[in-house]
Each structure stands twice: as C-alpha cells, then as structure tokens.
Amino acid sequence: MPAGYDYVKELGCGKFGIAKLCKDKVTGEEVAVKFLPRGPKIDKNVERELVNHRSLKHPNIVQFKKVALTRTHLAVFLEYASGGELFDRIAKKGRLKEGEARYFFQQLVCGVDYCHSEMVCHRDLKLENTLLDQDSRVKICDFGYSKSAVYHSVPDTAVGTPTYIAPEVLLDDQYGGNSADVWSLGVALFVMLAGRYPFQDPKAPSDIQKTVQRIANVEYTFPSDLDISAECREIIERIFVADPGERISIPELRKTPWFQENLSVAVSSASSPVQQASPQDVQELEATLKQACISDAPAESGSLHPDTVPEDDDDCL
Ligand code: ATP
Ligand code: MG
C-alpha cells in the first residue's frame, strides 16, 4: 500500500492492473488507486492517458490526483466514484426512461464538451467507462485512448470498442476525434433507452464483422416497442450520420430543446466544486513515469519522487 494510505477494498481488475479503494490516513479521504506493474508496459499510451487526464478538471470527469511509485508498481490516484458503472445500472434495469437517460446523457455531453474545449478527445467513450458517484453524478473515466490535439497529431489509429466506434474510424486513417466521440455518445444514449447496442446484429450479437459492416452502413433499428419522443429519436438520427461533417456537433446538440429540457437539474447536480488536489507538475509526472518504466528500480530513499514508497507492496496484485 502506498505510504499514508489504508487499504479499504478491491474495486476490480482491468487490462493493465488492479484498482483498489484506499483511505488517506490523515484526512480520511477515499481515493481509487490503480496499480500498474512497473516495467515496459508503462509506455507512451499510459503516459498519454495520464498527461491528458491530469489537465482535465470538470465535475463529470473522474479527477486525476497524482501518481506515485511503490517498489513494484505505479500507483495512479483518482477521485473515487462510489456508485459503480452506469452500464451495470442499465444491465440491472434493462432500459432507462427517456428522462433518466437524458439526465445521464446531458452530463456525458457536458464532460465530453469540456474535454474537447481542452483539445482532448476521449476516443473510448462507453457506458463501461462511465462511473457514478454517490449522488448518481456522471464521472467519465479511462482516458487510455484519448489523444490531445495539442500534444499529438490528428488521431490516426483505429482504436476504440467496436460497438461504440464511428464509421470514419473504421474506414479512414485520418479522422477528427471530436465527431467520433459524438457518435459514441449516440451509442451510449441508444443503449440507455433500448437496452441493447444499435449496431449489433440481433441474430449474431458477438459477430464483430457483422457489427463493423452495420456501422459502416449505418444500419440500425429502434426496438418496435420503444416509447420515446420524436425529438429524442431525431437526436439519435442526427448523430448516426456516416459523414462526420454532416453529423450533429456538440454545440448544435446542446442548443436543441430536447437537450435543454431539465438541463439545470443535471448540471446543478454536477456543480459541486471539483476537488483541487495540489496539481502534480507535468515534469514531475513525466519523471515519475520514466522511473516507472524501469522495473524493480532500486528503492533508495531520496533517489525517486517524494511520493515514492520504498516499502514492500507485493500484495498489490
Ligand atoms: P480497462 O482495462 O478496459 O479500463 P476496466 O475499466 O475494468 O478495464 P480499470 O479501469 O482498471 O479496468 O478499473 C477496474 C475496476 O475499478 C472497474 O470495475 C472500474 O469500474 C473500477 N474503477 C476504476 N476507476 C474507479 C474510480 N475512480 N472510482 C471507482 N471505481 C473505479
Ligand atoms: Mg477502466
């Protein structure tokens, strides 16, 4: 465990490591800490995720706090979202009512709009990457594939999750990430309302090739018994447009009466102050990451970042 923190419980395992709930011994603050094994897996992608995430401060985005080194792991400290994944809520309920889906969608759009204003596109938006806090406030996480237009060139690799991916990402090697994020937001809205993915073939949901083909053809249907307003359908239809230039943009989306309805409820619930943890200097962050690339680095006191914890932490994984 990083020095100064108590272990509370395990939150789950991801592709790169384990996430644990920890508590600051002094302040009692709960934080989610992701432990990534030190070594070559701490690469440019991890660096990109952390550098992008570090610069973002918004009520609908999981707040990045800091990174620290233990002897065996890079520990990434994040705001704790105690309400679980939005995906699980839908999996339990089946479908959400239009008003409830809009409430979550509004917050997703506000968070993504903010990212875009900071020149960061997320590129892996999905309900599994949407956490909730104790007040059901949306907290977007996982910037693993995000690419900042400031730090990097136009996104040019086909990354993302097939079910949420935009046609231009599948077909093109150069695409503007912002409109691809809008597409993914449309998929998230559809899933909340319909309780299923729009572009999966209902007869062969796990056939990725079929899904890809249907995305490319923008081939989807609303469930016949779906009880949603015409305005809501129109929003989805304006998002699921193959040409990213013709697709509704976030500013246009935000102006629609459907989006404006009860917006203040969603936004006021999101307006609690963002915790201003002492922001870790970007050079300090990069130095820690460089050190983290080296596995089993000697844990000499004073030779690493001040947050370095030379104590044994083999129980991390
Ligand atoms: P992937 O590797 O594709 O991101 P994942 O999202 O399951 O997969 P992690 O991001 O490492 O993996 O997260 C592991 C678990 O911890 C998930 O169940 C996730 O919901 C939970 N989790 C991650 N970050 C937080 C957080 N800030 N607050 C609460 N739970 C979190
Ligand atoms: Mg994750």
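Keep in mind that the numbers below use all heavy atoms, side chains included, and drop hydrogens, waters and symmetry copies. Counting starts at 1 for both ligands and their atoms, following the listed order.
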Requested in this report: Looking only at distances, please establish whether an N/O atom of ligand 1 is found under 3.5 Å from an N/O atom of Glu79.
Outcome: yes

Requested in this report: Could you tell me which atoms of ligand 1, counted from 1 in the order shown, lie closer than 4.0 angstrom to a heavy atom of Asp142?
Outcome: 4 (O), 6 (O), 10 (O)

Query - Contact atoms of ligand 1, heavy-atom distance to Tyr80 under 4.0 Å - result: 28 (N), 29 (C)

Query raised in the report: ligand 1 and Ala81, any nitrogen or oxygen pair closer than 3.5 angstrom?
Result: yes

Query raised in the report: Can Glu100 and Arg95 be counted as an ion pair, charged N to O under 4.0 angstrom?
Result: no

Query raised in the report: Is any side-chain N of the basic residue among Lys203 and Asp201 closer than 4.0 Å to the acidic one's carboxylate O?
Result: no

Query - Nearest non-hydrogen partners of Ile90 and Met192, listed with the distance - result: CD1-CG, 3.4 Å

Requested in this report: Specify side chain, backbone, both or neither for Leu131, according to which of its non-hydrogen atoms lie closer than 4.0 Å to ligand 1.
Outcome: side chain

Report task. Please work out whether any backbone atom (N, CA, C, O) or any side-chain heavy atom from C-beta onward of Ser82 is under 4.0 Å from ligand 1, and answer side chain, backbone, both or neither. Result -> neither

Would you tabulate the side-chain donor-acceptor contacts of residues 204-213 under 3.5 Å, counting partners in other chains and residues two or more places apart, or write 'none'?
residue, atom, partner, partner atom, Å
Asp207, OD1, Gln209, N, 3.1
Asp207, OD1, Lys210, N, 3.1
Thr211, OG1, Asp207, O, 3.1

Requested in this report: Go through ligand 1 atom by atom and flag the ones less than 4.0 Å from a non-hydrogen atom of Glu85.
Outcome: 17 (C), 18 (O), 19 (C), 20 (O)

**Report entry** Presence of salt bridge, Glu29 and Lys23, under 4.0 angstrom
**Finding:** no

Report task. Take Glu79 and Lys65 through the salt bridge (Lys or Arg N to Asp or Glu O under 4.0 Å) test and state the conclusion after the steps. Result -> CA-CA 7 Å; Glu79 171 187 10; Lys65 291 179 180 290; over 6 Å; no

**Report entry** Whether Cys141 lies under 4.0 Å from ligand 1, heavy atom
**Finding:** no

